[in-house]
Amino acid sequence: QVQLVESGGGLVQPGGSLRLSCAASGSIFSINVMGWYRQAPGKQRELVADIRSGVSTNYAESVKGRFTISSDNAKNTMYLQMNSLKPEDTAVYYCNAEASTYRGGTINRYWGQGTQVTVSS
């Protein structure tokens, strides 16, 4: 199994910044993709950004130019630097990983427990 633990959420004023971290642990053979999703009250969970093989990145249009995703493969840790935060960024942010636990094994999706980000004055 793979465990994902997020940290770094909190309350910030509009225009402020936060940095989220996601640490993966457990029986990890390889991680193909790691990503951040978010879910606001009454809305569906949506992709914020993801990173493949620690290199290729993809962002939702709403966060392009404001958020930066990165990873430290040696530490199996992913980050999301969030700048110029807006009230509409308020949501629970979830870490996701597509990983296998042994060579040739099935690639499964794993989720963290989520961390609350609130942007408000």
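In what follows, residues are counted from 1 in the order of the sequence shown.
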> For a quick test of reading the model, state the closest non-hydrogen atom pair linking S17 to Q81 and the distance between them.
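Looks like CB-NE2, 4.0 Å.
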
> Please examine the side chains of M82 and D89, heavy atoms only from C-beta on, and report whether any two atoms are closer than 4.5 Å.
no

> So which atom in T101 and which in Q1 form the shortest heavy-atom distance, rounded to 0.1 Å?
CG2-N, 4.1 Å

> Is any side-chain heavy atom of L80 less than 4.5 Å from a side-chain heavy atom of T68?
no

> CD of E88: more than 12 outside heavy atoms within 6.0 angstrom?
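Result for CD/E88: enclosed.
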
> In sequence, state the C-alpha distance, the side-chain angles, and the governing distance for I51 and V33, and then conclude on side-chain contact (heavy atoms from CB on, under 4.5 Å).
CA-CA 6 Å; I51 183 165; V33 184; over 6 Å; no

> Would you mind reporting whether I107 and N32 have side-chain heavy atoms less than 4.5 Å apart?
yes

> Which heavy atom in A99 sits nearest to a heavy atom in I31, and how many Å separate them?
CB-CG1, 3.9 Å

> Which atom pair, heavy atoms only, marks the closest approach of S27 to V2?
O-CG2, 4.3 Å

> Which heavy atom in G105 sits nearest to a heavy atom in S100, and how many Å separate them?
O-CB, 3.9 Å

> State yes or no: do V48 and L85 share one hydrophobic cluster built from I, L, V, M, F, W and Y residues joined by side-chain heavy-atom distances below 4.5 Å, directly or via other members?
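Linked within one cluster.
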
> Where the side chain of R66 meets the backbone of S84, is there a donor-acceptor pair that is under 3.5 Å apart?
yes

> Group every Ile, Leu, Val, Met, Phe, Trp and Tyr by side-chain heavy-atom contacts under 4.5 Å, then state whether L47 and V92 land in the same group.
yes

> Using only heavy-atom distances, determine whether the side chains of R45 and Y37 contain a donor-acceptor pair under 3.5 Å.
no

> Is there a path of hydrophobic side-chain contacts, each under 4.5 Å between heavy atoms, that joins L4 and L20?
yes

> Check A91 against R38 and note the closest heavy-atom contact, atom names and distance.
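Looking at all heavy atoms of both residues, the closest pair is CB-CB, 3.8 Å.
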
> Do L11 and S120 have side chains that get closer than 4.5 Å, going by heavy atoms?
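Heavy-atom side-chain distance check passes, below 4.5 Å.
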
> Mark yes or no for whether T90, through its side chain, and V119, through its backbone, hold a donor-acceptor pair below 3.5 Å.
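Such a contact is found between T90 side chain and V119 backbone.
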
> Can you measure from OG (S53) to CG (N73) and round to the nearest 0.5 angstrom?
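One gets 8.0 Å once the value is rounded to the nearest 0.5 Å.
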
> Is there a donor-acceptor contact under 3.5 Å linking the side chains of N96 and E98?
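No pair is found: no donor N or O on one side chain lies under 3.5 Å from an acceptor on the other.
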
> Atom OG1 in T57, atom CG in D50: separation rounded to 0.5 Å?
8.0 Å

> Just wondering, do Y59 and I69 contact through their side chains at under 4.5 Å, heavy atoms?
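Counting from C-beta outward, I69 and Y59 do come under 4.5 Å.
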
> If you measure from CG on N76 to CD on Q3, what distance do you get to the nearest 0.5 Å?
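One gets 11.5 Å once the value is rounded to the nearest 0.5 Å.
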
> Would you give the length of the straight line joining atom OH of Y93 to atom SG of C22, rounded to the nearest 0.5 angstrom?
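Those atoms lie 15.0 Å apart.
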
> To the closest 0.5 Å, what do you measure between CZ (F29) and CZ (R103)?
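Result: 4.0 Å between the selected atoms.
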
> How long is the gap from OG on S21 to CD on E6, to the nearest 0.5 Å?
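The CD atom of E6 is 10.0 Å from OG of S21, to the nearest 0.5 Å.
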
> Side-chain contact test, heavy atoms from C-beta onward, threshold under 4.5 Å: evaluate it for L18 versus V117 and give yes or no.
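The answer is yes, as the side chains (C-beta and beyond) meet within the 4.5 Å cut-off.
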
> Compare all side-chain heavy atoms of W36 with those of C95 and state whether any distance is below 4.5 angstrom.
yes

> Do D72 and T77 have side-chain N/O donor and acceptor atoms under 3.5 Å apart?
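Their side chains do not contain a donor-acceptor pair, so the 3.5 Å distance test is not met.
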
